[in-house]
Amino acid sequence: MIRAVTPSLEPIREKVEAGERLTAAEAESLWDPAIDLHELGELANLVRERKSGNLGFYNINTHLNPTNVCVYRCTFCAFRADLREARGYVMSDEQILARGREAVEAGSTEMHIVGGLHHQKGYDWYLNIVRILHDAYPTLHLKAWTPVEINWFAHLTKRSNRDILMELKDAGLGSLPGGGAEIFHAEIRDKICEHKADTAEWFDIHRTAHELGLRSNATMLYGHIENAFHRTDHLLRLRELQDETGGFQTFIPLAFHPDNTRLSHLAKPSPAMSLRTMAISRLVLDNFDHIKAYWIMLGIGTAQASLAYGADDIDGTVRHELIYHDAGATTPEVLSVDDITRLIREAGREPVERDTLYHRVIRDGTAWRASEPIRVG
Ligand code: V47
């Protein structure tokens with residue numbers, strides 16, 4: 001009689017316990033649903049604990065999407081609008097500064113800024129957003145523009161990525177968010193976001209940012225038309241650049257939300273898939289300090305569970321999020337500090353407010369200062 005062999009985690013467990021790096025084949029094998037999810041989570045939790053002890057990080061942040069009008073038509077995006085569509089908007093300088101003021105008054109340490117690539121707005125409009133916010137609110141860390149925007153600015157101005165990044169940094173750019181990564185493998189990227197910054201550009205821009213002393217994040221959009229091979233390839237490419245520069249701070253797996261997108265016929269990834277992705281990310285990205293479970297996109301329950309499946313961060317209080325809410329996210333629009341710290345505590349972790357660069361935040365009401373960088377493992 002032929003018996004199906006249940007794949008075993010044992011050889012991988014031994015390597016992880018010994019602190020050894022997983023090979024591409026080992027990493028890909030972990031996506032097999034026959035690999036027990038809870039055992040996988042336990043292993044990822046071991047790595048998380050070595051890196052962050054019992055700490056669960058969050059920050060106080062505000063989002064700004066200055067326009068949703070975009071020249072690109074990524075199939076997964078519900079946020080973008082055409083130039084003449086009624087739902088298209090462009091924020092004025094006054095509205096942008098009002099958002100900055102609201103952020104500071106709410107105690108935010110960070111503003112997360114990404115947006116559409118407006119057909120009629122030049123690079124100077126985007127540069128000016130960084131400049132006016134930084135000039136008015138110098139303590140607010142501006143985590144702004146993904147490689148998709150930087151590449152667009154380079155295209156518009158015929159200048160190099162380095163030149164653009166240097167100018168943005170001089171104007172007050174603090175770091176780069178992780179977006180625009182989607183799935184790096186061309187088999188998928190060409191189908192979901194054919195025209196925007198390609199994989200080589202995405203990596204060149206992060207490498208250059210790191211060389212200029214800017215830290216950045218990385219993401220992966222999963223649960224649409226990609227498979228285990230593409231997800232593994234994505235993680236390994238990130239691990240390689242991190243070996244070279246050490247400039248990434250945190251990795252954020254992003255669960256695809258299909259509502260109002262051109263992929264609305266697809267099902268949303270299940271919580272089990274999200275927990276598996278979290279755990280595998282933690283195990284493969286051995287050179288990333290942090291894995292973030294972005295509660296807006298995962299939902300609060302899965303974000304809490306993720307803190308036992310490899311994640312050590314659940315992002316921030318988040319005001320004014322649009323990208324996920326346009327795509328059907330049913331999470332609240334904002335969480336209070338009391339809510340977010342309770343969620344982290346209930347998940348068995350000690351909540352720690354961090355700033356964007358992972359310094360502990362010492363607070364007196366809305367006034368704050370960054371203390372020492374957080375180091376555990
Ligand atoms: O690049 C867009 C994704 C990203 C959908 O760096 C979608 O701290 C799922 O990068 N379903 C932008 N995902 C968001 C992002 C991010 C978020 C939070 C924190 C950080 C950080 C970065 O959102 C895009 C794309 O991959 N996205 N539409 C959708 N329908």
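Read the numbers this way: they start at 1 and go in the same order the structure lists the ligands and their atoms. Computed from a predicted model, the values in this text were never measured in an experiment. Quick note: residue numbers are just sequence positions, from 1.
Of all the atoms in ligand 1, the ones that sit under 4.0 Å from a non-hydrogen atom of A327 are 30 (N). Heavy-atom contacts of I252 reach the following atoms of ligand 1: 6 (O), 8 (O), 20 (C), 21 (C) (cutoff under 4.0 Å). Within the listing of ligand 1, atoms 6 (O), 8 (O), 21 (C) sit less than 4.0 angstrom from a heavy atom of N217. Less than 4.0 angstrom separates some heavy atom of P177 from each of these atoms of ligand 1: 6 (O). For ligand 1 and T219, the ligand atoms under 4.0 Å from any heavy atom of the residue are 10 (O).
The aromatic rings of H185 and F229 lie perpendicular to each other, with more than 60° between the two planes, well past the 30° mark. Below 30°, between 30° and 60°, or above 60°: for W125 and H118 the angle between ring planes is between 30° and 60°, a tilted geometry. The aromatic rings of H234 and F251 sit tilted relative to each other, their planes meeting at an angle between 30° and 60°. Taking the six-membered ring where tryptophan is involved, the planes of Y294 and H63 are essentially parallel, since the angle between them stays under 30° and well short of 60°.
Distance from atom 17 (C) of ligand 1 to its nearest protein heavy atom, with residue and atom name: Y294 CE2, 3.7 Å. Among protein heavy atoms, the minimum distance from atom 11 (N) of ligand 1 is reached at H257 N, 2.8 Å. Summary of contacts: the protein heavy atom closest to atom 1 (O) of ligand 1 is G180 N, 2.7 Å. In terms of protein heavy-atom proximity, atom 3 (C) of ligand 1 is closest to Y324 OH, 3.5 Å. For atom 2 (C) of ligand 1, the closest non-hydrogen atom of the protein is I323 CG2, 3.6 Å. Protein heavy atom closest to atom 26 (O) of ligand 1, with residue, atom name and distance, is E182 OE1, 2.4 Å. Atom 8 (O) of ligand 1 has K143 NZ, 2.6 Å as its closest protein atom, hydrogens excluded (heavy atom only). Protein heavy atom closest to atom 10 (O) of ligand 1, with residue, atom name and distance, is G179 CA, 2.9 Å.
Neither the backbone nor the side chain of C74 has a heavy atom within less than 4.0 Å of ligand 1. If you look at H112 next to ligand 1, the close heavy atoms, those under 4.0 Å, all belong to the side chain. Neither the backbone nor the side chain of V114 comes within 4.0 Å of ligand 1, counting heavy atoms alone.
In this model, no donor atom of one side chain and acceptor atom of the other lie less than 3.5 Å apart for N54 and E350. Checked by atom type, the side-chain pair H230/D233 shows no donor-acceptor distance below 3.5 Å.
The shortest heavy-atom distance from L254 to ligand 1 is under 4.0 Å. Ligand 1 is never approached by M297 to a heavy-atom distance shorter than 4.0 Å. For the ligand labelled ligand 1, residue S216 lies outside the 4.0 Å heavy-atom shell.
The pair R21-D243 counts as a salt bridge, with a side-chain nitrogen and a carboxylate oxygen less than 4.0 angstrom apart.
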